Amino acid sequence: MKQTLLELMRMSRICRMVLATCLGSFILVIFYFQSMFQPVMRRNQFAADVCCRKGSRNALQELYNPTQSEFSSAAILHQGRRDRVAESCRAHSASSRKRRVLTPGDLKHLVVDEEHELIYCYVPKVACTNWKRVMMVLTGRGKYSDPMEIPSNEAHVPSNLKYLNQYSIAEINHRLKSYLKFLFVREPFERLVSAYRNKFTLKYNSSFHRRFGTKIVRRYRKDATQEALLNGADVKFREFAEYLVDPATQRDGPLNEHWQTVYQLCHPCHIHYDLVGKYETLEEDANYVLRLAGVGESLRFPTYAKSTRTTDSMTAQFFSNISSQQHGQLFQLYKLDFLMFNYSTPSYLRLD
């Protein structure tokens with residue numbers, strides 16, 4: 001009888017231990033899932049101020065369900081831009097046999113701001129230097145206050161920002177679902193000519209001259225001088241256009257980011273961008289993003305030098321120096337960017 005009683009007491013003690021362990025595990029699971037869905041605590045004074053101004057709403061919520069009347073008309077505009085991208089993607093998907101799944105390597109252009117729950121896909125030659133400066137201010141935990149105090153070369157140091165491809169698959173999916181995702185676009189041929197002018201007509205870009213200029217001169221210039229073959233510093237726009245549309249260039253691998261299409265850089269048919277800003281309305285659209293993020297009162301997007309920008313008339317002048325065949329080939333290369341972002345076919349384009 002005594003032995004039986006001892007056994008019952010031992011069993012009771014084991015049951016209590018098991019129950020306590022299960023209860024503890026259950027509490028940990030609840031805490032884990034609560035922590036996943038609760039906003040991360042802001043730790044610096046700048047972010048704390050943003051938290052107090054906005055409450056618990058993030059930029060994504062403010063975009064789709066604006067609490068301020070000033071956001072309502074802008075929300076309609078950006079809904080139209082999103083619809084345009086979606087329609088173009090559906091049409092492209094219906095006409096294309098190619099199907100692909102994104103890999104983390106495809107996300108190397110997406111800059112992440114954890115503090116304000118933003119994801120920005122940078123597109124070279126669309127104010128990306130200033131946007132990277134702004135993202136450094138937003139993510140710098142008080143280290144920076146004025147974007148223009150950050151040297152341009154610092155803005156392009158990869159370690160100064162966090163990119164989406166640096167996260168795990170689960171973390172990537174969470175951020176793509178929960179953060180406001182935005183990009184800025186530009187009339188495709190203006191962006192192309194801007195890239196050409198910056199990388200091939202300025203003496204200080206010798207690295208581009210050596211890396212791309214020498215190859216272009218070697219392939220497309222008859223009777224090239226030894227100096228041109230060695231330095232690649234005087235690439236003509238006609239030669240650059242020939243390089244872009246040459247099937248051999250496609251076989252070499254992806255185009256350089258400065259003249260790659262937005263479609264290939266940011267994958268708008270695979271990633272649902274909440275906001276598409278335009279270079280033509282840069283300051284208005286950029287400051288709208290900052291207001292959505294709750295920092296519009298303390299941070300403004302830098303103004304840019306309009307006198308040096310590549311214009312439509314300047315682009316037309318460059319295109320007058322290439323053949324009708326190259327006009328058509330370049331348009332085919334950048335056609336999706338024209339369609340998705342609602343840019344008209346240029347009047348100077350000769351499509352025979």
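In what follows, residues are counted from 1 in the order of the sequence shown. This one's a predicted model, so the numbers in the text were calculated from it and none came from an experiment. Keep in mind that the numbers below use all heavy atoms, side chains included, and drop hydrogens, waters and symmetry copies.
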Can you find a heavy atom in the side chain of [X] that is under 4.5 Å from one in the side chain of [Y]?
{"X": "Lys162", "Y": "Thr139", "answer": "no"}
{"X": "Trp131", "Y": "Val111", "answer": "no"}
{"X": "Val276", "Y": "Met340", "answer": "no"}

If we ignore angles and hydrogens, is there a donor and acceptor under 3.5 Å between the side chains of [X] and [Y]?
{"X": "Asn58", "Y": "Glu62", "value": "no"}
{"X": "Tyr179", "Y": "Glu114", "value": "yes"}
{"X": "His209", "Y": "Thr214", "value": "no"}
{"X": "Glu284", "Y": "Thr281", "value": "no"}
{"X": "Glu190", "Y": "Tyr343", "value": "no"}
{"X": "Arg309", "Y": "Ser194", "value": "no"}

Does this structure show an ion pair linking [X] with [Y], if we count only N-O contacts that are shorter than 4.0 Å?
{"X": "Glu297", "Y": "Arg291", "answer": "no"}
{"X": "Asp274", "Y": "Arg81", "answer": "no"}
{"X": "Asp252", "Y": "Arg219", "answer": "yes"}
{"X": "Arg300", "Y": "Asp146", "answer": "no"}

Is the [atom1] atom of [X] crowded by more than 12 outside heavy atoms at less than 6.0 Å?
{"X": "Gln325", "atom1": "CD", "value": "no"}
{"X": "Glu154", "atom1": "CD", "value": "yes"}
{"X": "Lys236", "atom1": "NZ", "value": "yes"}

Exercise for the section: Any chance you could lay out the side chain to side chain contact (heavy atoms under 4.5 Å, CB included) test for Asn165 and Asp106, step after step, and finish with the verdict? Expected result: CA-CA 8 Å; Asn165 66 333; Asp106 293 313; over 6 Å; no
Does [X] have its ring centroid less than 6.0 Å away from the ring centroid of [Y]?
{"X": "Phe338", "Y": "Phe189", "result": "yes"}
{"X": "His109", "Y": "Tyr120", "result": "no"}
{"X": "Phe237", "Y": "Trp259", "result": "no"}
{"X": "His78", "Y": "Tyr288", "result": "yes"}
{"X": "Tyr196", "Y": "His258", "result": "no"}

Would [X] end up clustered with [Y] when hydrophobic side chains under 4.5 Å apart are linked, directly or stepwise?
{"X": "Val193", "Y": "Leu202", "value": "no"}
{"X": "Val289", "Y": "Tyr64", "value": "yes"}
{"X": "Leu333", "Y": "Leu351", "value": "yes"}
{"X": "Leu339", "Y": "Val262", "value": "no"}
{"X": "Val157", "Y": "Val134", "value": "no"}

With sequence neighbours left out, the residues meeting disulfide (SG to SG under 2.5 Å) with Cys269 are Cys89
Between [X] (side chain) and [Y] (backbone), is there a donor-acceptor pair under 3.5 Å?
{"X": "Gln166", "Y": "Tyr163", "value": "yes"}
{"X": "Asn231", "Y": "Ala233", "value": "no"}
{"X": "Ser93", "Y": "Arg90", "value": "no"}
{"X": "Lys181", "Y": "Leu176", "value": "yes"}
{"X": "His327", "Y": "Arg350", "value": "yes"}
{"X": "Lys278", "Y": "Phe341", "value": "yes"}
{"X": "Asn173", "Y": "Ala170", "value": "no"}

Grab the two heavy atoms, one from [X] and one from [Y], that are nearest each other, plus how far apart they are.
{"X": "Leu282", "Y": "Ala127", "value": "CD2-CB, 3.6 Å"}
{"X": "Cys128", "Y": "His156", "value": "SG-CE1, 4.0 Å"}
{"X": "Leu63", "Y": "Arg82", "value": "CD2-NH1, 3.9 Å"}
{"X": "Glu187", "Y": "Ser344", "value": "OE2-O, 4.5 Å"}
{"X": "Ala59", "Y": "Leu118", "value": "CB-CD2, 3.8 Å"}
{"X": "Ala155", "Y": "Leu161", "value": "O-CD1, 4.4 Å"}

Requested in this report: Let me see the working for Asn160 and Met136 under side chain to side chain contact (heavy atoms under 4.5 Å, CB included), right down to the final yes or no.
Outcome: CA-CA 7 Å; Asn160 284 337; Met136 286 175 68; 3.8 Å; yes
Does [X] make a cation-pi contact with [Y] (under 6.0 Å, within 45 degrees of the axis)?
{"X": "Lys199", "Y": "Phe208", "result": "yes"}
{"X": "Lys132", "Y": "Tyr122", "result": "yes"}
{"X": "Lys215", "Y": "Tyr220", "result": "no"}

Of Phe240, Phe212, Phe318, the one forming a ring pair (Phe, Tyr, Trp, His ring centres under 6.0 Å) with Phe200 is Phe240
Show your reasoning for whether side-chain hydrogen bond (donor to acceptor under 3.5 Å, both in side chains) applies to Gln79 and Asp83.
CA-CA 6 Å; Gln79 180 63 57; Asp83 290 344; 2.8 Å; yes
Does the plane of the ring in Phe319 sit parallel, tilted or perpendicular to the ring in Tyr348? Use 30° and 60° as the thresholds.
tilted
**OP:** Any chance you could lay out the ring-ring contact (aromatic ring centres under 6.0 Å, His included) test for Phe184 and Tyr279, step after step, and finish with the verdict?
**Re:** CA-CA 7 Å; Phe184 273 72; Tyr279 189 75; 9.1 Å; no
Is there a side chain to side chain contact (heavy atoms under 4.5 Å, CB included) between Leu255 and Gln264? Walk through the geometry before answering. CA-CA 9 Å; Leu255 295 176; Gln264 292 288 357; over 6 Å; no
Could you walk me through whether Val295 and Val137 satisfy the side chain to side chain contact (heavy atoms under 4.5 Å, CB included) test, starting with their C-alpha distance in whole Å, then the side-chain angles of each, then the deciding distance to 0.1 Å, before giving a yes or no?
CA-CA 11 Å; Val295 298; Val137 172; over 6 Å; no
* Applying salt bridge (charged side-chain N to carboxylate O under 4.0 Å, His left out), run through Asp234 and Arg221 and close with a yes or a no. => CA-CA 11 Å; Asp234 63 341; Arg221 185 178 302 178; 3.1 Å; yes
Practice item. Could you please spell out the steps behind the side-chain hydrogen bond (donor to acceptor under 3.5 Å, both in side chains) verdict for Asn342 and Arg84? Key: CA-CA 7 Å; Asn342 202 22; Arg84 175 76 183 204; 3.3 Å; yes
